[in-house]
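Note sheet for the following structure.
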There are 2 protein chains.
Amino acid sequence: MRDTYILGVSMTRFGKFLDKGLKDLAYEPVWNVIYESKIDPHKIEIVFVGNAYAGLITGQESIRGQVMLREVGITRIPIINVENACASGSTAFFLAHKAVASGDVDLALALGVEKLFCDDTGKSLKALSTSSDIDIEGRMGVLFAGIYSMRVRAHMERYGITKEQFAKVSVKNHEHGALNPYAQYRNRVTVDEVLNSRMIADPITLLMTCPMGDGGAAVLIGTKEMAKAMGKRPVRVGASVLGSYGFIRKDEPNITSRVAQKAYEEAGIKPNDIQVAEVHDAVSAVELFLYEELGFCEPGESGRLIDEGITWLGGRLPVNPSGGLTAKGHPAGATGLAQITEIVWQMRQEAGERQIKPVPNIGLVENGGGNVAGETAVVAVHILFGE
Amino acid sequence: MRDTYILGVSMTRFGKFLDKGLKDLAYEPVWNVIYESKIDPHKIEIVFVGNAYAGLITGQESIRGQVMLREVGITRIPIINVENACASGSTAFFLAHKAVASGDVDLALALGVEKLFCDDTGKSLKALSTSSDIDIEGRMGVLFAGIYSMRVRAHMERYGITKEQFAKVSVKNHEHGALNPYAQYRNRVTVDEVLNSRMIADPITLLMTCPMGDGGAAVLIGTKEMAKAMGKRPVRVGASVLGSYGFIRKDEPNITSRVAQKAYEEAGIKPNDIQVAEVHDAVSAVELFLYEELGFCEPGESGRLIDEGITWLGGRLPVNPSGGLTAKGHPAGATGLAQITEIVWQMRQEAGERQIKPVPNIGLVENGGGNVAGETAVVAVHILFGE
């Protein structure tokens with residue numbers, strides 16, 4: 001397997017776009033990555049398209065990528081539709097990376113698009129609920145907010161992490177999102193506002209949750225030679241690891257820890273080498289668990305990282321400089337690729353007002369999806385190196 | 001890229017199984033391939049799961065593979081849900097083959113499952129209609145039978161192929177299906193019965209079309225060493241090629257011809273080297289076009305192949321010895337893997353009453369899916385060598 005490089009990254013602004021369809025949301029990021037990487041689009045050899053819910057929301061199932069790429073003008077080559085709930089975009093990236101790493105192709109495109117807003121919020125929520133086992137968890141009526149709230153309460157009891165600390169994650173991510181023109185929410189919030197917003201599933205309040213969103217993102221992966229030729233800072237894929245839930249015993253590391261550990265090994269680094277991370281804060285409280293599961297701190301120590309400003313812009317390890325899912329938004333299939341986009345922008349000094357200084361050289365993306373048997377169904381961790 | 005081998009193949013009988021869910025349809029073929037290949041299931045490193053319509057029919061979207069494999073007991077490793085309409089199973093096979101060929105993994109599982117029967121035929125038909133661009137062809141109301149009938153009529157006018165010849169394909173495939181215990185339909189039909197059955201879209205009659213079906217199929221792909229160790233005839237993947245529709249000009253080869261040509265080149269053979277083929281006879285008339293597009297004969301000559309018995313069991317090049325989609329059935333996501341299963345069974349002399357003599361050494365699978373801009377959206381061609 002050879003090294004692969006990210007040639008182009010792009011995302012639409014995330015938000016509520018009732019006038020935009022899947023094709024519109026695909027067109028912009030795909031053409032942006034083609035322009036920025038200065039490649040002949042006919043040289044793209046394979047496309048992986050991540051989307052989770054279009055069949056249930058827009059009615060377009062089955063050949064979503066072929067239909068989205070019709071207007072873009074990408075035809076004839078293999079187009080592969082992949083689905084892994086909220087990690088669909090990362091799954092597309094994983095496969096595009098593998099296709100180039102194996103030498104099978106030189107240029108692979110990963111596209112993620114999601115259209116969650118329609119004329120019916122119930123329809124959107126019902127679609128989101130299909131990211132669990134509908135025969136078991138579905139029949140129990142367990143939805144994501146409920147699952148998260150149980151995890152949050154257990155963590156609070158075990159380690160004494162406070163509601164205020166969870167709220168601070170939301171404050172941080174909104175602060176970051178306010179600096180990001182691609183973010184769905186650009187307003188700032190205070191700890192009091194977060195704690196006093198509508199209760200969703202105690203202790204999770206409305207301002208601790210990510211919004212529904214529409215959006216698209218694309219990442220073009222190629223060879224080292226191509227990356228050198230395009231004139232921007234080459235960003236190498238150090239690791240791309242995907243894993244599934246696994247009926248863990250009480251003493252076993254969970255899915256995120258397992259996948260992250262494998263990614264660190266693949267990249268040949270340790271958690272404390274990471275200089276910037278985009279993680280899956282579907283509920284802002286979860287970001288604290290992720291600090292622990294990704295090895296950014298010891299179990300139970302995550303509250304300190306948010307209190308001491310370590311994971312804020314300006315801190316030692318900024319997490320979710322984009323605003324994360326909480327503020328930037330979370331159009332499921334696009335999220336993983338938008339996370340990668342942010343890391344690449346940071347490494348290339350293209351992050352505008354939210355640019356991390358000094359410019360980071362090693363970044364991590366963690367993207368989760370679905371829920372089976374009480375665990376996240378799919379977790380992807382990617383590690384990127386700015387060269 | 002190294003050679004890959006098929007270690008295990010399995011399929012459920014195809015049919016109408018209102019009492020079986022996705023999990024049931026996955027369980028049987030996955031455990032069968034594990035048993036027959038004598039591998040430790042913990043050594044499976046990645047799974048690709050093909051399914052097209054579960055989200056719209058059963059309600060399970062988004063993490064279909066993780067949910068199906070829950071009961072099977074395959075967890076933790078990467079599980080990737082792929083979707084390419086009726087070629088979803090072939091797409092899973094393509095990726096599993098590439099994963100082993102690249103050396104990234106030694107053992108990859110491709111699983112295809114589809115549950116089309118539910119309590120509501122309208123719901124099933126509506127799901128099937130999502131395999132075209134719903135904004136364009138969908139709004140025109142063009143369904144598959146209509147698209148096929150236009151192609152059939154054009155071909156009849158251009159080359160003088162007759163309704164009787166199209167009907168004979170159905171007679172042949174039902175004859176073959178009658179010998180296949182895994183086939184949905186095991187009855188024989190006559191040319192008169194086919195022509196006099198209910199008109200669906202002139203000249204396509206009911207007995208020229210494939211039925212809806214439920215079913216599952218699995219293929220386990222590994223290395224040469226593993227294939228040699230398991231004690232059955234090693235079957236090597238000579239080529240696995242996937243392509244998309246492409247707004248062809250009048251003088252250009254269509255998607256099937258393009259993909260097949262690439263597969264022949266990859267495998268280093270010519271069309272007349274093929275000794276057995278399983279092709280996508282969603283409508284039996286299409287099988288004749290496929291003879292021409294796959295290079296089994298010149299354009300317009302396909303009627304002769306069916307008239308002279310060449311593609312019947314006992315002929316020089318048996319096509320669809322399993323009964324094809326027409327008789328064996330067509331649970332979309334499972335079809336491509338069931339086609340591969342039949343070829344492997346034939347090469348291993350495990351095809352029972354429908355065993356081809358002499359035992360074939362070179363086989364081809366063609367699997368199509370969806371429709372965009374008047375062309376099949378996705379075509380996969382795989383070439384297998386019995387060693």
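All values below come from the heavy atoms of this structure, side chains included, with hydrogens, waters and symmetry mates left out. This one's a predicted model, so the numbers in the text were calculated from it and none came from an experiment. Each chain gets a letter, A, B and so on, in the order the sequences are listed, and its residues count up from 1.
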Original post:
Which of the residues B/Asp104, B/Leu69, B/Val372 is involved in the greatest number of heavy-atom pairs with chain A at under 4.5 angstrom?
Top reply: B/Asp104
Original post:
For chain B, which of A/Phe48, A/Phe247, A/Phe94, A/Tyr53 has the most heavy-atom pairs under 4.5 Å?
Top reply: A/Phe247
Original post:
B/Ile248 versus A/Arg76: any side-chain heavy-atom pair under 4.5 Å?
Top reply: yes
Original post:
Which heavy atom in B/Ile63 sits nearest to a heavy atom in A/Ala85, and how many Å separate them?
Top reply: CG2-CB, 3.7 Å
Subject >> Check: A/Lys98 and B/Ser102 side chains under 4.5 Å, non-hydrogen atoms >> reply: no
**OP:** Starting at OG1 of B/Thr58, measure out to CG of A/Asp135 and round the result to the nearest 0.5 Å.
**Re:** 7.5 Å
Subject >> Side chain / backbone / both / neither for A/Glu71 at chain B, heavy atoms under 4.5 Å >> reply: side chain
Original post:
Can you check whether A/Gln66 reaches B/Asn84 side chain to side chain, under 4.5 Å on heavy atoms?
Top reply: yes
Subject >> chain B contact via A/Ile46 - which portion, at a heavy-atom distance below 4.5 Å >> reply: side chain
**OP:** Using side chain to side chain contact (heavy atoms under 4.5 Å, CB included) as the criterion, point out the one residue from B/Val82, B/Ile80, B/Asn81 that pairs with A/Glu83.
**Re:** B/Asn81
Original post:
Is it true that A/Lys126 and B/Glu61 make a salt bridge, defined as a side-chain N closer than 4.0 Å to a carboxylate O?
Top reply: no
Subject >> Pairs of heavy atoms under 4.5 Å with chain B: top-ranked of A/Ala101, A/Ala52, A/Pro78 >> reply: A/Pro78
Original post:
Between A/Ile255 and chain B, which part of the residue has a heavy atom less than 4.5 Å away: side chain, backbone, both or neither?
Top reply: neither
**OP:** Check whether any side-chain heavy atom of A/Leu56 lies under 4.5 Å from a side-chain heavy atom of B/Leu56, and answer yes or no.
**Re:** yes
Original post:
With B/Ser62, which of A/Cys86, A/Ser131, A/Ser132 fulfils side chain to side chain contact (heavy atoms under 4.5 Å, CB included)?
Top reply: A/Ser131
Subject >> Pick from B/Ile136, B/Leu128, B/Leu22 with the largest number of heavy-atom pairs that fall under 4.5 Å of chain A >> reply: B/Ile136
Subject >> Engaged part of A/Leu95 at the chain B interface, taking heavy atoms whose separation is under 4.5 Å >> reply: side chain
Original post:
Does a side-chain N-to-carboxylate-O contact under 4.0 Å join A/Arg64 and B/Asp133?
Top reply: no
Original post:
Any ion pair linking B/Arg70 and A/Glu375 (charged N to carboxylate O, less than 4.0 Å)?
Top reply: no
Original post:
For the candidates A/Gly370, A/Gly59, A/Ala377, A/Gly73, which exhibits the highest count of non-hydrogen atom pairs separated by less than 4.5 Å from chain B?
Top reply: A/Gly59
Subject >> Among the listed options A/Leu242, A/Val241, A/Ile134, the residue most often paired with chain B at heavy-atom distances under 4.5 Å >> reply: A/Ile134
Original post:
Does B/Ile79 reach the side chain of A/Val378, with side-chain heavy atoms less than 4.5 Å apart?
Top reply: no
Subject >> Exceeds 12 heavy-atom contacts within 6.0 angstrom, atom CZ of A/Arg139 >> reply: no
**OP:** Could you tell me whether a side-chain N or O of A/Ser244 sits under 3.5 Å from a main-chain N or O of B/Thr75, the two making a donor and an acceptor?
**Re:** no
Original post:
Are more than 12 heavy atoms from other residues, nucleotides or ligands located less than 6.0 Å from atom NZ of A/Lys262?
Top reply: no
Subject >> A/Asn51 versus chain B, the contacting section by heavy-atom distance below 4.5 Å >> reply: neither
Subject >> Region of A/Ala373 that comes under 4.5 Å of a non-hydrogen atom in chain B >> reply: both
